[in-house]
Amino acid sequence: MIVVGGGVIGLGIAWRAAGAGVHVVVVDPQPGRGSSWAAAGMLAPVTEVHYGEVPLLRLNIASLQRYGAFVGDLEAASDVAVGYRRCGTLLVARDRDDDAALAETLAFQQRLGLSVTRLRAREVQELEPALVPSVRSGILIEGDHQVDNRSVVAALTAACLKGGVVFEKHSAVRVEADQGAVSGVRLSDGRVVPAGQVVIAAGARSSEIAGAADLPVRPVKGQLLHLRTRDGRAPVTRNVRGLDVYMVPRPDGRLVVGATVEEQGFDATVTAGAVHDLLRAAYELVPGISEMELVEIAVGHRPGTPDNAPLLGPTSIQGLIAATGHYRNGISLLPVTVDAIVGLLTTGEVVDEIIPFSPLRFSPVEQPL
Ligand code: GLY
C-alpha cells in the first residue's frame with residue numbers, strides 16, 4: 001500500500017496500517033514539512049464552528065474524544081512526547097460588536113448541546129490576567145485541547161520507522177491504473193512503485209497528482225507568528241481567541257499567533273501586512289506580547305475544499321482512497337481520519353462517520369443525452 005503525502009494524516013495512516021500488518025510506502029519529498037509543520041496545534045472545533053458546518057463539527061468532536069488514547073498509543077510507540085494538553089479555549093470579546101457576535105456564537109453552540117460557559121469581563125480577567133483590561137466578555141470552552149503539531153510529526157515519523165514503513169522522498173507524479181483499478185504510483189525520478197491500494201493524503205498538493213481522481217483541493221495560505229518570552233512562560237495559559245486572531249501557548253514559553261487565510265495559490269511569501277495585522281490583533285488582546293521575541297514566521301497551505309470539509313473514503317478509481325482536504329482541521333481530525341481510513345484499507349468497510357465526507361460528493365452528475 002502507498003500513502004502519497006507524509007503530513008500528519010499520511011503518517012498516521014501509515015503508522016496504524018503498518019501496525020495492522022500492511023506493507024506501507026510513504027511518498028513525499030519532505031515528509032512532515034507541509035501544513036502539518038506550519039499549524040498551531042489548537043484542537044478547538046467548538047470555537048471554530050460555523051453555521052452550516054454541523055456535520056464537520058460532529059466529526060471534529062468525535063476525533064477530539066479519541067485524542068487522548070491516540071496520543072497515548074503514539075507516545076508509547078515512538079518514545080516522543082507530543083505536548084497534548086487539555087487546556088481549554090477562551091473566546092474573548094474586545095468591544096461591543098465582538099460581544100454581540102459572541103452572544104450569537106454562544107446561542108448556536110448551546111443549541112447544538114455543546115458545553116460552553118459565558119463569562120463576564122471580570123471572570124475573563126481572572127482567568128487570564130494578561131488580557132487587556134477593557135475586554136468585555138468571553139466564552140470558556142473547557143473541552144478544547146492543544147497538541148504540539150511539530151512533535152506529532154516527529155512522533156509519527158519515529159513510529160513509522162519503527163513499524164517498518166518505507167519512505168520514498170520523491171514527489172508523486174501520477175497514480176497508475178489498469179482497467180479502472182490502481183496499480184501503483186509514478187515518482188518524480190521516473191520509477192513506478194507498484195501497489196493495489198493508494199491513499200492520497202497530499203494535502204494542498206492532492207489535486208496536482210495526475211490520475212488521482214481530480215480531487216477538488218486548493219491551497220489556502222496561512223501565515224503564523226511564533227513569539228517567545230525570555231522567562232519561558234507564555235503570557236496566557238490556555239488557547240485564546242479573538243474574532244480575528246488566535247493565540248496558542250506552548251509549555252516552553254512560545255506563543256503561536258495565527259493565522260491569515262489567503263487565496264494566493266502556493267505563494268509562500270511572508271508579507272509585512274500579515275505580520276502587522278496578526279501582531280496588532282494579538283496586541284489588542286494581550287498588550288504584553290510587545291515585549292516578546294519574534295522567533296519565527298511560519299507559512300503553510302491549508303488543503304481547502306469547496307465546502308471546507310475533508311475528502312475521506314473511496315474515489316471513482318478502484319483502490320484509490322482519499323484522506324485529504326482537511327482545510328483548517330488537519331490536526332484535530334487526525335485520530336478519526338486514521339481510524340476510518342485504516343479500517344477501510346483493512347476491512348473494505350466505510351464507517352458511517354465518514355459517509356458525509358465522500359470525495360464523490362463533488363463528482364458531476366451524469367446528465368442523460
Ligand atoms: N485551524 C487553524 C487555522 O487554520 O488557522
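FYI, the numbering just counts along the sequence from 1. Whatever order the structure lists them in is the order used to number ligands and atoms, beginning at 1. Just so you know, these numbers use all the heavy atoms, side chains as well, and skip hydrogens, waters and symmetry mates.
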Among protein heavy atoms, which lies nearest [atom], and at what distance?
atom                   : value
atom 1 (N) of ligand 1 : R328 O, 2.8 Å
atom 4 (O) of ligand 1 : R302 NE, 2.7 Å
atom 2 (C) of ligand 1 : Y246 OH, 3.3 Å

For ligand 1, the portion of Y327 having any non-hydrogen atom under 4.0 Å away: neither
Audit row: F357, T305, side-chain contact (heavy atoms from CB on, under 4.5 Å) steps and yes/no: CA-CA 11 Å; F357 306 102; T305 63; over 6 Å; no
Donor-acceptor side-chain pairing of R241 and T89 below 3.5 angstrom: no
Distance filter under 4.0 Å to A259 heavy atoms, resulting ligand 1 atoms: 5 (O)
Whether Y67 and Y84 hold their rings parallel, tilted or perpendicular, with breakpoints at 30° and 60°: parallel
Validation row: F266, E208 side chains within 4.5 angstrom (heavy atoms): yes
Within 6.0 angstrom of D214 CG, more than 12 heavy atoms from elsewhere: no
